[in-house]
Amino acid sequence: MNASSPSPAQNQASTATLYGGVTNRRITVRDLAAAKQRSEKWSMLTAYDALTAGVFDEAGIPVLLVGDSAGNCHLGYETTVPVTMDQMVMLSAAVVRGTKRSMIVADLPFGSYQESPAQAMHNAARLMKEAGVGAVKLEGGERSARSIELLVEAGIPVMAHIGLTPQSVHAFGGYPVQGRGDEAAHQLLRDAKAVQQSGAFSVVLEAVPAELAAQVTEQLSIPTVGIGGGPDTDAQVLVWTDMAGMTAGRVPKFVKQYADLRTVLGDAARAFAEDVRGGAFPAEEHTFH
Ligand code: KIV
């Protein structure tokens with residue numbers, strides 16, 4: 001064992017709770033599996049920069065997702081589709097640098113894994129080696145099963161993402177709820193079982209009826225992470241800018257806004273500008289002599 005190898009204790013799944021539990025190392029896939037065993041629900045937030053990620057890490061959020069929602073929530077695009085691998089590597093590396101305890105999962109962006117399992121392997125390896133993330137996420141159920149298998153065989157933990165998959169926004173013609181009706185519900189169940197069978201350690205269920213998300217959660221042994229999937233999934237994820245009230249305009253029905261940062265930040269900027277205009281800033285205590 002070299003100096004940076006995990007100790008035998010670190011190799012064990014912690015029996016402590018994920019939230020407020022183990023604090024001397026990063027959360028692992030084994031900790032998440034153990035949480036499902038004891039029916040402990042957990043939270044995941046997106047993060048796109050070191051500073052914000054550090055706040056969530058200190059707050060005890062066990063898993064942070066460098067989502068390709070960075071496209072619309074951080075980089076100013078309309079959708080996730082334009083996000084590139086180079087952008088994901090840069091944002092993911094910043095989130096890793098800003099955190100100590102959270103498991104960091106990074107999205108494989110549109111076009112970086114659909115061509116072939118080999119392409120998925122190449123780009124997942126970039127996120128692991130260049131950014132230092134602990135896991136990758138990719139969209140698709142049965143259609144992505146072979147890629148998931150290859151990554152898992154290579155030792156890369158994979159979080160799958162089924163239901164509403166935002167990279168397919170143009171094919172869906174928007175962001176409609178998925179899994180409604182018998183055939184769609186059966187397909188969602190097949191997708192969930194396919195990603196578990198392929199070795200995914202967890203699966204995101206986005207915008208699906210709560211009853212169906214509950215059924216999937218009951219039938220899978222891996223944790224389900226809901227976003228617009230009702231209350232019965234093992235975990236819940238929100239896009240941080242929605243959760244904290246930074247997003248401009250309408251947010252989806254499944255979002256709960258826990259703060260109004262857009263107003264707080266706007267008020268701070270206006271107060272600063274007023275002080276500068278009126279000569280109240282800088283005052284004596286901000287001035288060198
Ligand atoms: O990119 C993202 O933020 C996501 C979440 C919505 C799960 O995939």
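Below, all heavy atoms of this structure are taken into account, side chains as well, without hydrogens, waters or symmetry copies. Whatever order the structure lists them in is the order used to number ligands and atoms, beginning at 1.
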* Asked: So with a 6.0 Å cut-off around CZ of Arg143, is the heavy-atom count from everything else above 12?
  -> yes
* **Salt bridge flag under 4.0 Å for residues Asp86 and Arg126** => yes
* Asked: Hey, what do you get for CG (Asp107) to OG (Ser69), rounding to the nearest 0.5 Å?
  -> 7.0 Å
* **Region of Ile227 that comes within reach of ligand 1 [heavy atoms, distance under 4.0 Å]** => side chain
* To do: Check the angle between the aromatic planes of Phe281 and His286 and answer parallel, tilted or perpendicular using the 30° and 60° thresholds.
  => tilted
* Asked: Which atoms of ligand 1 are found less than 4.0 Å from any heavy atom of Gly67?
  -> 1 (O), 2 (C), 3 (O)
* Residue-ligand contact Glu139/ligand 1, heavy atom below 4.0 Å -> no
* Asked: At a 4.0 Å threshold, what atoms of ligand 1 neighbour a non-hydrogen atom of Asp107?
  -> 1 (O), 2 (C), 8 (O)
* Considering only non-hydrogen protein atoms, determine which one is nearest to atom 5 (C) of ligand 1 and report residue, atom name and distance to 0.1 Å. => Leu65 CD2, 3.8 Å
* Asked: Taking a hydrophobic cluster as the set of Ile, Leu, Val, Met, Phe, Trp and Tyr residues connected by side-chain heavy atoms closer than 4.5 Å, whether directly or through intermediates, do Val66 and Val81 fall within one such cluster?
  -> no
* Structure fact -> The atoms of ligand 1 lying under 4.0 Å from a heavy atom of Thr46, numbered in the order shown, are 3 (O)
* Asked: Considering only the protein, which heavy-atom contact is closest to atom 8 (O) of ligand 1, and what is its distance?
  -> Lys137 NZ, 2.8 Å
* Structure fact -> min-distance protein heavy atom vs atom 2 (C) of ligand 1 -> Ser69 OG, 3.2 Å
* Asked: Does any non-hydrogen side-chain atom of His74 lie less than 4.5 Å from one of Thr46?
  -> no
* Answer side chain, backbone, both or neither: which part of Asp68 comes under 4.0 Å from ligand 1, heavy atoms only. => both
* Applying the side chain to side chain contact (heavy atoms under 4.5 Å, CB included) test to Gln119, which of His122, Met121, Glu115 qualifies? -> Glu115
* **Distance filter under 4.0 Å to Glu206 heavy atoms, resulting ligand 1 atoms** => 6 (C)
